[in-house]
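The structure appears below as structure tokens.
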Amino acid sequence: MSRKKKHGEHENHERWLVSYADFITLLFAFFVVMFASSNQDKVKAKQVSESVRQALEEDRLVAKVAAVLGGTVNDVGQGSAQRKGPGGTMKASEEPASGPEPPAGPVPVELLPSMEFLSRELRQEIEAGRLRLSMEPRGLVVTLPQATYFPSGQDTIDPATYPVIGKVVHVIQKLPNQVRLEGHTDSVPISNARFRSNWDLSAARSIAMLELLATRFQVPRSRLAIAGYADNVPVKDNGTEEGRAQNRRVDVVIVSRLGLVAAVADPQQGAPPAAGHAKPAPASKVH
């Protein structure tokens, strides 16, 4: 009886399909993860973009900088860039105080918290036009109009303004920066028994402010400097009474680190008098 021959097992040539299917599955999963990650990044990017837009539109960028650098008194902030800055125990207001002029040129970042603090503390004075704040590359400028702080044609400071000046000094005392006191007049000549010219008057008002800060508020004299510019650095046209009123002023300049450089230490020419506009006034008219 013959035996049946066993046929050899059929070899499977399609086993590679299993590995290929596994590879395709893994590749599909990889692209799904990548796609999900890219969508998540878009969402995050959109959220960041929206936050920045809101901060810029609502003008709260300064408050955020203040939180990091040290916003107000007795707080060095979240970072270490401004250990000597004015601190920030007071919360930044949701709405900025109206009045401070926007910075022109490079901004001395270390003084932004001080400007924010003064903007809140002196809000009423700024809105009433009794004080102006501006940021310049050389520092934070606090402008004190003559009509509010000095009797006409005199260099004595009105005692009623001491509380306002005290708020400015409060910031000065928290900073290591130097302070310049700059006197300015309009273009109307003055000549009387006390002041021979606008140069004398502008310098005398600067000295009066220095003496007040040094004696009443104990600001070290080594931190103070004075300058008298007469009518040489107007901020408005001297051809109008309104312009002359704004030109008669004393600027308290908290000098920035950049401002210590001689090239930017002095005020820049603001609005030179238009030729032929300034009419001579009677010699008896005071500033």
Side-chain angles (χ1 to χ4, degrees), residues 54-67 71-73 86-105 107-109 111-136 138-152 157-175 179-186 205 209 212-213 217 233-238 240-254 256 267-268 270-271 287:
Q54 291 180 358
L56 291 175
E57 288 182 354
E58 299 173 13
D59 199 17
R60 289 185 291 184
L61 190 58
V62 171
K64 299 301 181 185
V65 173
T72 50
V73 183
T89 54
M90 295 173 228
K91 295 182 179 179
S93 58
E94 288 295 320
E95 298 181 359
S98 61
E101 300 176 11
V107 179
V109 179
L111 293 177
L112 285 176
S114 300
M115 186 173 186
E116 176 71 11
F117 174 72
L118 288 176
S119 298
R120 295 194 306 271
E121 292 298 304
L122 301 171
R123 188 187 189 99
Q124 293 182 348
E125 287 77 10
I126 293 172
E127 292 177 347
R130 295 191 292 269
L131 181 145
R132 297 193 299 273
L133 293 178
S134 59
M135 188 69 79
E136 301 178 6
R138 64 196 186 109
L140 173 57
V141 181
V142 183
T143 297
L144 310 177
Q146 169 268 318
T148 301
Y149 296 87
F150 294 90
S152 182
I157 303 173
D158 187 353
T161 64
Y162 288 178
V164 176
I165 297 174
K167 293 180 181 180
V168 178
V169 173
H170 183 60
V171 169
I172 292 174
Q173 291 173 332
K174 299 294 180 180
L175 291 167
V179 179
R180 285 168 56 98
L181 308 170
E182 303 172 349
H184 302 269
T185 68
D186 60 26
R205 285 175 173 167
M209 188 62 66
L212 179 66
L213 267 58
F217 297 104
V233 190
V235 292
K236 296 293 181 179
D237 185 4
N238 274 307
T240 65
E241 178 56 38
E242 180 182 357
R244 289 192 293 271
Q246 293 197 44
N247 291 333
R248 300 190 294 265
R249 68 196 190 277
V250 170
D251 287 339
V252 179
V253 184
I254 303 175
S256 67
Q268 299 298 312
H287 302 248

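The model shown is predicted, which means the values in this text are computed figures rather than measured ones.
Side-chain contact between R249 and V233 is present, with at least one heavy-atom pair separated by less than 4.5 Å. Using a 4.5 Å heavy-atom cutoff, the side chains of V235 and H184 are not in contact. Inter-residue side-chain proximity for L118 and L131 is flagged as unmet; no heavy-atom pair is nearer than 4.5 Å. Taking 4.5 Å as the limit, every side-chain heavy atom of M115 sits out of range of all side-chain heavy atoms of P113. Between N247 and T185, every side-chain heavy-atom pair lies at or beyond the 4.5 Å cut-off. At least one side-chain heavy atom of S152 sits less than 4.5 Å from a side-chain heavy atom of Q146. Side-chain contact check for F217 versus I165: some heavy-atom pair is nearer than 4.5 Å. Two residues are said to be in side-chain contact when any heavy atoms from C-beta on lie closer than 4.5 Å; T161 and Y149 meet this criterion.
Remark: T143 pairs with D251 by the side-chain hydrogen bond (donor to acceptor under 3.5 Å, both in side chains) rule, at least two apart or across chains.
Interatomic distance, S256 OG to L112 CG, rounded to the nearest 0.5 Å: 10.5 Å. Expressed to the nearest 0.5 Å, how far CE of M209 lies from CZ of R180 amounts to 15.5 Å. In this structure, CD on Q246 lies 11.0 Å from CG on N238, to the nearest 0.5 angstrom.
V168 pairs with exactly one of L140, V142, L133 by the side-chain contact (heavy atoms from CB on, under 4.5 Å) rule, that one being V142.
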- prompt: Which is it for E182 and R138 under the salt bridge (charged side-chain N to carboxylate O under 4.0 Å, His left out) test, yes or no, and what are the steps along the way?
  reply: CA-CA 13 Å; E182 303 172 349; R138 64 196 186 109; 2.9 Å; yes
- prompt: Stepwise, does the side chain to side chain contact (heavy atoms under 4.5 Å, CB included) test hold for I254 with V171?
  reply: CA-CA 9 Å; I254 303 175; V171 169; 4.2 Å; yes
message: Determine whether S114 and E116 satisfy the following criterion, side chain to side chain contact (heavy atoms under 4.5 Å, CB included), listing intermediate values before the conclusion.
response: CA-CA 5 Å; S114 300; E116 176 71 11; over 6 Å; no
- request: Begin from the C-alpha positions of I157 and Y162 and carry the test side chain to side chain contact (heavy atoms under 4.5 Å, CB included) through to its verdict.
  value: CA-CA 8 Å; I157 303 173; Y162 288 178; 4.0 Å; yes
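Side-chain atoms of K167 come within 3.5 Å of backbone N or O of E121 as a donor-acceptor pair.
Residue G183 comes nearest to V250 through the heavy atom pair CA-CG2, 4.3 Å, listed as atom of the first residue, atom of the second, then distance. The nearest pair of heavy atoms linking P145 to G129 is CG-O, 3.9 Å. In this structure, G139 and L111 approach most closely via the heavy-atom pair CA-CD1, 3.8 Å.
No salt bridge links E127 with R132; every basic N to acidic carboxylate O contact stays at or beyond 4.0 Å. Under a 4.0 Å N-O distance rule, the pair E125/R120 does not qualify as a salt bridge.
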